[in-house]
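Report on one structure; see the data block that follows.
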Amino acid sequence: MLSFETLSKTYTDGTQALSAVTVDVAPGEILALVGGSGCGKTTLLRLIAGLDRPSAGRIILNDETITVPRADVGVIFQEPRLFPWLSVAENVGFGLSHLSAFEREGLVTNALVRVGLAGHDGRWPRELSGGQQQRVAIARALVTRPKLLLMDEPFSALDATTRASLHGHLLALWAESRPTMVMVTHDVEEAVTLADRIVVMQPKPGRIFDEFDNPLARPRDRLSPAFDAAKRDVLRSLDRSLRDEAPHQQKTAETAGMWW
Ligand SMILES: Nc1ncnc2c1ncn2[C@@H]1O[C@H](COP(=O)(O)OP(=O)(O)OP(=O)(O)O)[C@@H](O)[C@H]1O
Ligand SMILES: [Mg+2]
């Protein structure tokens with residue numbers, strides 16, 4: 001179980017990036033975070049990854065408070081971040097150095113098959129397309145069988161077709177060991193495709209605005225009326241969250257207040 005308990009983060013310049021965020025994520029659950037720019041999604045992911053410390057509150061993974069990066073927590077960033085001097089197989093096997101070469105090779109080959117890159121073992125990252133590189137990053141993150149996988153807009157730089165096929169690859173790998181996943185996305189369709197639960201956040205300070213349980217069984221049909229309805233619910237909430245923020249009106253009022 002992953003829990004955020006009244007998690008707050010204020011940066012040194014005074015920006016309140018997160019305020020009292022409390023969420024429980026069940027083992028194996030896929031949680032999507034959506035929300036306008038600056039509502040603290042990346043901040044929250046960095047805290048969970050142990051890359052930064054909260055100002056208040058805590059993050060607990062299986063009874064242990066997260067304070068530093070852990071080997072059993074995988075991270076996939078927006079860009080693949082592969083090691084250019086390592087082959088595809090060496091990139092995927094990077095976190096498996098404790099295993100024998102034989103065991104490592106077996107796991108790497110299986111992971112590459114799962115992401116549709118069988119036979120690409122010996123290629124270099126520079127020889128791959130953006131979508132192929134991101135598939136290597138997914139394989140690398142999941143081959144170690146992390147308990148928790150964090151993803152910050154992992155597919156946003158890719159075209160719609162590549163993105164849809166990567167959703168399938170990701171779910172296939174997820175089904176093997178069912179890690180808990182927390183993913184940030186701007187794409188509501190992606191959230192409804194992948195997540196069990198969707199949390200809508202709101203900025204200034206970053207906080208939870210709304211939450212949706214995804215009623216759709218897997219595999220999900222993006223063309224079904226039920227999918228459309230789920231998507232519409234989240235979009236409506238997102239719109240409301242953005243309207244409530246009303247930054248322009250507030251600024252106008254503040255400015256007007258100064259004039260008076
Ligand atoms: N290192 C930092 N120092 C000061 N302020 C920061 C820092 N990192 C982020 N912020 C601020 O904290 C708030 C939340 O930022 P964060 O990057 O978490 O938002 P986000 O939801 O990921 O946005 P986006 O959707 O644009 O990626 C923003 O106001 C941002 O400017
Ligand atoms: Mg971000």
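In listed order, ligands and their atoms are each counted from 1.
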When you compare the side chains of T15 and D13, does any donor N or O come within less than 3.5 Å of an acceptor on the partner?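 Distance-only check passes for T15 and D13.
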Would one find an N or O of G35, backbone or side chain, under 3.5 Å from an N or O of ligand 1?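 Checking ligand 1 against G35, no N or O pair falls under 3.5 Å apart.
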If you measure every N or O of A17 against every N or O of ligand 1, does any of those distances drop under 3.5 Å?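 No, there is no polar N/O contact under 3.5 Å.
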Heavy-atom distance from atom 6 (C) of ligand 1 to the protein below 4.0 Å?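 True for atom 6 (C) of ligand 1.
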Counting only heavy atoms on the protein side, is anything nearer than 4.0 Å to atom 31 (O) of ligand 1?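 No, there is no protein heavy atom closer to it than 4.0 Å.
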Which segment of [X] sits under 4.0 Å of ligand 1 when only heavy atoms are counted:
X	answer
H186	side chain
D152	neither
T15	side chain

Can V136 be reached from M151 by stepping across I, L, V, M, F, W or Y side chains whose heavy atoms are under 4.5 Å apart?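 In one cluster with M151: V136, yes.
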Would a single hydrophobic cluster contain both L31 and V73, if residues Ile, Leu, Val, Met, Phe, Trp and Tyr are joined by side-chain heavy-atom contacts under 4.5 Å?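 In one cluster: yes.
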Does the ring of F94 carry R104 above it, NZ/CZ under 6.0 angstrom from centre and within 45° of its axis?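 No, R104 does not sit over the ring of F94.
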Check R145 with E176, please: is the shortest side-chain N to carboxylate O separation under 4.0 Å?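 Judged by the 4.0 Å cut-off on N to carboxylate O distance, E176 and R145 do form a salt bridge.
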Measuring from the heavy atoms of G206, does anything fall under 4.0 Å of ligand 1?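 G206: no contact with ligand 1 (<4.0 Å).
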D63 atom CG, over 12 foreign heavy atoms within 6.0 Å: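 Atom CG in D63 is not packed in, count stays at 12 or less.
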Of all the atoms in T42, is at least one N, O or S atom closer to the Mg ion (ligand 2) than 2.8 Å?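 Under 2.8 Å: T42 contacts the Mg ion (ligand 2) through an N, O or S atom.
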